[in-house]
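Working notes for the structure below.
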Protein chains: 2
Amino acid sequence: MKKTSGRGQVKSVVDILGKRIAAAQYKEGEILPIEQQLADSLGVGRNALREAVKVLSGKGLIATAPRSGTRIRPRDEWNMLDPDVLSWHADPETATPEFLLALLEIRRIIEPRAAELAAVRATREDVATILAAYDDMQRYQEDPDRRVSADIELHTAILAASHNAYISHFRYAIATYLKAHSKIGQRSDREKLRKDLELHHDIAWSIARCKAKSAYSNSVRMLNHGRLRVEEAEHSLAEEAKRSA
Amino acid sequence: MKKTSGRGQVKSVVDILGKRIAAAQYKEGEILPIEQQLADSLGVGRNALREAVKVLSGKGLIATAPRSGTRIRPRDEWNMLDPDVLSWHADPETATPEFLLALLEIRRIIEPRAAELAAVRATREDVATILAAYDDMQRYQEDPDRRVSADIELHTAILAASHNAYISHFRYAIATYLKAHSKIGQRSDREKLRKDLELHHDIAWSIARCKAKSAYSNSVRMLNHGRLRVEEAEHSLAEEAKRSA
DNA sequence: GTGAAAAATAAATACGATCTATTATTATTT
DNA sequence: AAATAATAATAGATCGTATTTATTTTTCAC
């Protein structure tokens, strides 16, 4: 009968509360139960809970004040680009198509310009990483998980090759998008996947060949293709909702 | 001689450690002193320190492991777009011109497109906020602090009018840039400020008039003007360094 | 000697009890 | 009715102790 139940409790409390908040299970402005109660209800000590609360405060999701308690802050003050916050929003249970579209919109702003910069600034190592990732994508076409990983690797490598830390940071947003998309969006449509691979090939090689203009336009082409896929997915989700209603 | 020194300790420990880490006072891969020592040296209890450490972990700056201690994570894994992380990097003591240039680079990618979207999507309230901010900028031309605040307000309002939470989140990066720029960059050069105001006027009004194309190009013009100013500042910093060497 | 298993160890992780500081609310006074 | 003082609720912070985990050292068999 060990009372003290292992490790990683703070992390898990952060995730639980983070997901609840992202899913609006606690609404903006709402006040959480007092520390002791919340700790009890989560089966952890007050210290562990407090550490979790501090982490969430650091991400802008909540604010604490003595006597008044712990309050959910307005959504537009959250650190939306925080990797954890992104992943909580991507929870397949509660993620909305708007979420994917918002991410896609910013991808369409950042990625073509990142590709353009990468074509100019990539070192030989950068290029090697990019091409290796493309190879993996091709190799693992049949294995959804590994294909997505390689896809993420490729986009990450392109952003990194822009040699701008702020641009590079978008890898988390893109990774979140790609993971969510692969879960929510798509059963593997053979023809779409082939086309997608080809588009990735074109970007990778424009960068490898220092063609900034084509890197830009190939990135745009790729994201247009993605957009179509999201819109279809959204459409099919709507159909589903109609059916279940 | 109060041992228990008031409140807000966690916040202040987070800031102290955050700044040290951002300034590479602790280097990547380095291991921090053990909790008890570090807590003692900062004059706080171990719990307060632990809460601070958890916050910094949440922002990707450090990672903890039993037995091995608390280690500084590689820079490219930090949440660079976190408002706190941004502000720690903007510390005038240690901020580099590269920092400003990196931020300016991403501003040049995001803001014109945000302005374009704002021209299409802004509600009447959005437009009112944008124009009010512009008015303040004009009104407080002579008061550097208030002028910068109004400048930040204006850019924030434009991003908000894009109605995309991820784009809007950039307000922190822009605010950091503008604050740092006003501190580091510029004694107020009358002619530059007048030109700057004019450029802001043009953006605000293209958005108000739903002119997406001009909003885009006016945003580009404004940022080009900014770039010149950063490059001059960088140049003068280099001169200063030469003289002091 | 060498390699693998076992023990010691050092660090973070977690709990619980207790005290403090702050502040919203309530009660009191003017 | 308004200003002020008391109250109580809640987060903030500390201390001490036990647990867990991963590394290092030691032991022991081969």
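Quick note on labels: first sequence line is chain A, next is B, and so on, each numbered from 1. Computed from a predicted model, the values in this text were never measured in an experiment.
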Quick one: on DNA chain D, does B:Arg46 or B:Leu49 contact a more 5' nucleotide (nearest heavy atom)?
B:Leu49
Tell me the interatomic distance from A:Ile34, atom CD1, to C:dT23, atom C1', rounded to whole angstroms.
16 Å
Check the distance between D:dT10's P and A:Gln37's CD and give it to me in whole angstrom.
8 Å
Give the rounded distance in Å between these two atoms: CD1 of B:Ile31 and P of C:dA10.
15 Å
Which sits closer to the 5' end of DNA chain C, A:Ala65 or A:Ala48, going by the nucleotide each is nearest to?
A:Ala48
Roughly how far apart are B:Leu17 CG and B:Leu49 CG, rounded to 0.5 Å?
7.0 Å
Rounded to whole angstrom units, what separation is found between the NZ atom of B:Lys11 and the C1' atom of D:dA13?
18 Å
How about A:Tyr172 and B:Tyr166: are their ring centres within less than 6.0 Å of each other?
no
A:Glu35 has an atom CD; how far is it from atom P of C:dG16, in whole Å?
14 Å
Under 4.0 Å, counting only non-hydrogen atoms across every strand here, what does A:Val53 touch: a base, just sugar-phosphate, or nothing?
nothing
Relative to the 5' end of DNA chain C, which residue comes earlier, B:Pro33 or A:Val44, by the nucleotide with the nearest heavy atom?
B:Pro33
Quick one: label B:Lys54 by what it contacts on the DNA or RNA (base, sugar-phosphate, nothing), any heavy atom closer than 4.0 Å.
sugar-phosphate
How are the rings of A:His89 and A:Trp78 set to each other: parallel, tilted or perpendicular (split at 30° and 60°)?
tilted
Which nucleotide sits closest to the side chain of A:Pro66: D:dT10, D:dT14, C:dA11?
D:dT10
Among D:dA9, D:dT10, D:dT21, which nucleotide sits nearest the side chain of A:Arg67?
D:dA9
Is there a side-chain polar atom (N or O) of A:Thr64 under 4.0 Å from OP1 or OP2 of D:dG12?
yes
Could you tell me whether A:Arg20 and A:Glu30 make a salt bridge, using a distance below 4.0 angstrom between a side-chain N and a carboxylate O?
no
Taking A:Ala133's backbone N and O only, do any of them form a donor-acceptor pair with A:Glu153's side chain (distance below 3.5 Å, no angle check)?
no
From the candidates C:dC15, C:dA24, C:dA12, the one with an atom nearest any side-chain atom of A:Asn47 is C:dC15
Rounded to whole angstroms, how far apart are CG on A:Asp40 and C1' on C:dC15?
12 Å
Any side-chain N or O of B:Gln9 below 4.0 angstrom from OP1/OP2 of D:dT14?
yes
To the nearest angstrom, the CD-P distance between B:Gln36 and C:dA10 comes to 16 Å
Whether A:Arg50 contacts D:dA11 is assessed here as follows: a side-chain N or O lying under 4.0 Å from the phosphate OP1 or OP2. Is that the case?
no
